**Q** 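Before anything else, here's the structure in question.
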Amino acid sequence: MPELPEVETIVRGLAKVIVGQKIISLKTTALKGDKIIIEDIKTSSNLPSIVGGVKKKFISAVIGSTIKGINRRGKSIIIELSGGHSLIVHLKMTGQLIYTDSSDKVIKHTHLIFNLSDGKELRYVDVRRFGYIKIFPSENIFLEHPLDTLGHEPIEIKIGELRELLSNHKIRMKSFLLNQSFMSGIGNIYADEILHRSHMHPLKISSNLSGKETAKLHKMIKEVLREAIEHRGSTIRDYVTSTGEAGDFQKMHRVYNKEGKPCRCCQGKIIKIRAGGRSTFFCPACQPIDDK
DNA sequence: GCACATGTTGGTAA
DNA sequence: GTTACCAACATGTG
């Protein structure tokens, strides 16, 4: 679920509270029937499966280190630690990073708990366990996967750079926006919302965009992402901010998950198709293909 | 039981 | 080489 606006919201929230803090200890959970048992991580014997990268270094590099910074690249979170290592966190579908009181109830699917020097905790929760926390040396961190494959930041991309990407490929626009090596951070929800505001059909071929269409798309990419960040992201199911609150931007969605509903521009019906292997919502009346 | 789900990757086919 | 499609990852929801 988390796309660029959600990850940005989490990073901004955490930056205010975890930078400068020392990581005192690590914990994980185990299930005994219905009971959640909290376990200390002291050796790699109970390191949760969501930990990756240079795993042998994880415990010694993390415990006792100080958090120097937290940043975002695409949908990845980079946490820089003192001592020369950094963590790459990817939330994938259902991952959550929550800063909370240590007295708050530890919920099911909490895989990693960082005990911080202010007495609070940073918890990684992930129902489906597709996400991960990987550790690498900070030097050359941007050469580590997946950071090495990421394209432009969509909020910063110049129109000339976008035009070049579009014309160099003959790919459906939905797939274009989802491809993280072109631009990194746009996922299924924002791809549909950007295409609708650009009045562009999701199956339109990238190399066929006119100059005017390219300019509109460029503007809408930034507009949608900026508004979504202002609303602290879209909560459909699992996403919460670093304080466990829901975002607001789902209320502003114009097409995502609105099959059969009237389009706010033309009152036509929004339809759902499959594109790029994903559910794709759009208004056929005001998002024409126009390919001649 | 069945279909489907917000992300990414890797294999295969065209 | 490029693009499209599907399965896989593990679990939950309707």
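Because the structure is predicted, anything quoted here is derived from the model rather than measured. Note on naming: letters A, B, ... go to the chains in the order of the sequence lines (proteins, then strands), and numbering restarts at 1 for each one.
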**Q** First and last nucleotide of DNA chain C in contact with chain A, 5' to 3', at under 4.0 Å to a heavy atom: what are they?
**A**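 First-to-last contact on DNA chain C, by the 4.0 Å heavy-atom rule, is dT3(C) to dG12(C).
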**Q** Taking everything shown except Arg264(A) itself, do over 12 heavy atoms lie less than 6.0 Å from its CZ?
**A**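 Atom CZ in Arg264(A) is not crowded, with 12 or fewer foreign heavy atoms closer than 6.0 Å.
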**Q** Is Lys222(A) atom NZ crowded by more than 12 heavy atoms from other residues, nucleotides or ligands, each under 6.0 Å away?
**A**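 Enclosed.
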**Q** Once you apply a heavy-atom cut-off of 4.0 Å, does Lys174(A) come out as touching a base, just sugar-phosphate, or nothing?
**A**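 It contacts nothing in the nucleic acid.
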**Q** If the P atom of dG12(C) is compared with that of dT8(B), how far apart are they to the nearest Å?
**A**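 It works out to 22 Å between them.
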**Q** Please determine, by modelled atom types, if Asp238(A) and Thr94(A) share a side-chain donor-acceptor pair under 3.5 angstrom.
**A**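 There is no such pair between these side chains.
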**Q** Quick one: are the ring centres of His253(A) and Phe281(A) less than 6.0 Å apart?
**A**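 Here the rings of Phe281(A) and His253(A) have centres that are no less than 6.0 Å from each other.
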**Q** Does Ser279(A) place a side-chain N or O at less than 4.0 Å from the phosphate oxygens OP1/OP2 of dA5(B)?
**A**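 For Ser279(A), the contact criterion (side-chain N or O under 4.0 Å from OP1 or OP2 of dA5(B)) is met.
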**Q** Starting at the 5' end of nucleotides 8-14 of chain B, put B wherever the base has a protein heavy atom under 4.0 Å, S where only the sugar-phosphate does, and a dash everywhere else.
**A** BS-----
**Q** Would you tell me whether Glu6(A) and Tyr190(A) have side-chain atoms, one donor and one acceptor, within less than 3.5 Å of each other?
**A**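 Yes - a donor-acceptor pair under 3.5 Å links their side chains.
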**Q** So what's the dot-bracket for DNA chain C: Watson-Crick or G-U pairs under 3.5 Å, [ ] if a pair crosses, | if it pairs off-strand?
**A** .||||||||.||||
**Q** Looking at OG of Ser207(A) and CG of Leu166(A), how far apart are the two atoms once the value is rounded to the nearest 0.5 Å?
**A**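 Those atoms lie 8.5 Å apart.
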**Q** Are Ile23(A) and Leu81(A) close enough that some pair of their side-chain heavy atoms sits under 4.5 Å apart?
**A**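 They are in contact (side-chain heavy atoms under 4.5 Å apart), so the answer is yes.
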**Q** Count the heavy atoms belonging to other residues, nucleotides or ligands that lie under 6.0 Å from CD of Glu39(A), then report whether that count exceeds 12.
**A**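 Enclosed.
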**Q** If the P atom of dC5(C) is compared with that of dA5(B), how far apart are they to the nearest Å?
**A**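 It works out to 16 Å between them.
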**Q** What is the separation between atom CD1 on Ile10(A) and atom P on dG7(B), rounded to the nearest whole Å?
**A**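 Whole-Å distance recorded here is 13 Å.
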**Q** What distance, rounded to whole Å, do you find between the two P atoms, one in dA3(B) and one in dA7(C)?
**A**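 Each nucleotide's P atom is 12 Å from the other's.
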**Q** Do we see a donor-acceptor contact under 3.5 Å between the side chains of Asn188(A) and Lys174(A)?
**A**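 Present: a donor and an acceptor within the cut-off.
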**Q** Could you point out which residue of Glu156(A), Glu153(A), Glu8(A) forms a salt bridge (charged side-chain N to carboxylate O under 4.0 Å, His left out) with Arg73(A)?
**A**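 With Arg73(A) as partner, Glu156(A), Glu153(A), Glu8(A) yield a single salt bridge (charged side-chain N to carboxylate O under 4.0 Å, His left out), made by Glu153(A).
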**Q** Can you spot which of Leu97(A), Ile79(A), Thr241(A) makes a side-chain contact (heavy atoms from CB on, under 4.5 Å) with Leu14(A)?
**A**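 Output: one option passes, namely Leu97(A).
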